[in-house]
S.K.: 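Just dropping this structure here.
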Amino acid sequence: MTAQALQVRDTSALASYVPAIGRLLIAVIFLLSGAGKVFAPGGTQAYIAAAGLPLPVVAYLIAVIVEVGGGLLLVLGYQTRAAAAVLIVFTIATALGFHNNFAEQNQMIHFLKNIAIAGGLLQVVAFGAGGFSLDARRS
């Protein structure tokens with residue numbers, strides 16, 4: 001197979017759909033996590049309290065709003081850069097608040113996962129939602 005055979009012929013379609021697929025893949029983790037929190041508020045608030053964070057009920061409400069709201073905004077591609085920026089702050093705060101025991105390998109993996117997610121979200125902040133999004137329809 002030649003390099004020419006591997007070239008994408010229609011980059012406009014690729015430029016429209018690949019960012020949308022990327023946004024969806026990033027959003028899934030927030031949507032599932034947020035839905036889990038909605039259906040288990042007591043356990044989530046206990047987990048927040050056990051981590052030593054203040055105001056578990058307030059932190060729970062913020063987490064649900066950010067995860068579900070931010071995840072939906074990413075999927076729709078609406079206010080995408082702002083949503084991604086909020087999710088970056090939330091994801092890094094979560095990494096520092098809940099996954100800071102670097103002596104435990106599982107916690108280190110979760111910390112690095114959060115940092116990788118923040119990196120993917122930073123790409124969304126930098127390059128926007130792409131052509132297949134509500135943001136693109138508005139402009």
S.K.: Looking only at heavy atoms, what is the nearest atom pair of G71 and A27, with distance?
M.R.: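 Heavy atoms of G71 and A27 come nearest at O-CB, 3.5 Å.
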S.K.: For the pair I48 and V57, evaluate side-chain contact (heavy atoms from CB on, under 4.5 Å) and give the outcome as yes or no after the intermediate values.
M.R.: CA-CA 9 Å; I48 293 168; V57 174; over 6 Å; no
S.K.: Quick check: do N114 and H99 have side-chain heavy atoms less than 4.5 Å from each other?
M.R.: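 N114 vs H99: side chains touch.
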S.K.: Looking at A59 and P54, what are the two nearest heavy atoms and their distance?
M.R.: CB-O, 4.3 Å
S.K.: Could you give the distance from CZ (R23) to CD (Q123), rounded to the nearest 0.5 Å?
M.R.: 14.0 Å
S.K.: Should D135 and T80 be marked as a side-chain hydrogen bond (donor to acceptor under 3.5 Å, both in side chains) after you check the CA-CA gap, both sets of side-chain angles, and the distance that decides it?
M.R.: CA-CA 7 Å; D135 286 346; T80 313; 2.7 Å; yes
S.K.: My understanding is that a hydrophobic cluster links ILVMFWY residues whose side chain heavy atoms are under 4.5 Å apart, including indirect links. Using that, what else belongs to the cluster containing V124?
M.R.: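 The other cluster members (ILVMFWY side chains, heavy atoms under 4.5 Å, direct or chained) are I26, I29, F30, L55, V58, I62, V66, L74, V86, L87, I88, F90, I92, L96, F102, M108, F111, L112, I115, I117, L121, L122, V125.
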S.K.: Under a 4.5 Å cut-off applied to non-hydrogen side-chain atoms, are F98 and L53 in contact?
M.R.: yes
S.K.: The test is side-chain contact (heavy atoms from CB on, under 4.5 Å); show your working for S133 and R138 and say whether it passes.
M.R.: CA-CA 9 Å; S133 66; R138 288 185 321 152; over 6 Å; no
S.K.: Would you compute the distance between atom OG1 of T91 and atom NZ of K113 and round it to the nearest 0.5 angstrom?
M.R.: 8.0 Å
S.K.: What residues join F127 in its hydrophobic cluster, counting side-chain heavy atom gaps under 4.5 Å, either direct or through other members?
M.R.: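 Members alongside F127: none; it stands by itself.
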S.K.: Closest heavy-atom contact between A136 and G130?
M.R.: CB-O, 3.5 Å
S.K.: Nearest 0.5 Å please: distance from the CD atom of Q79 over to the CG atom of L134.
M.R.: 10.0 Å
S.K.: Rounded to the nearest 0.5 Å, what's the gap from CG on L76 to CG on L24? Could you check?
M.R.: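 Output value for this atom pair is 10.5 Å.
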S.K.: Do any pairs count as a side-chain hydrogen bond (donor to acceptor under 3.5 Å, both in side chains) and have a residue in residues 56-67, sequence neighbours left out, and if so which ones?
M.R.: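 For residues 56-67, and leaving out neighbouring residues, the side-chain hydrogen bond (donor to acceptor under 3.5 Å, both in side chains) pairs sorted by first residue read S33-E67, K37-E67.
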S.K.: Please indicate whether Y47 has more than 12 foreign heavy atoms, meaning atoms of other residues, nucleotides or ligands, lying under 6.0 Å from its OH.
M.R.: yes
S.K.: Which heavy atom in A83 sits nearest to a heavy atom in G70, and how many Å separate them?
M.R.: CB-O, 4.5 Å
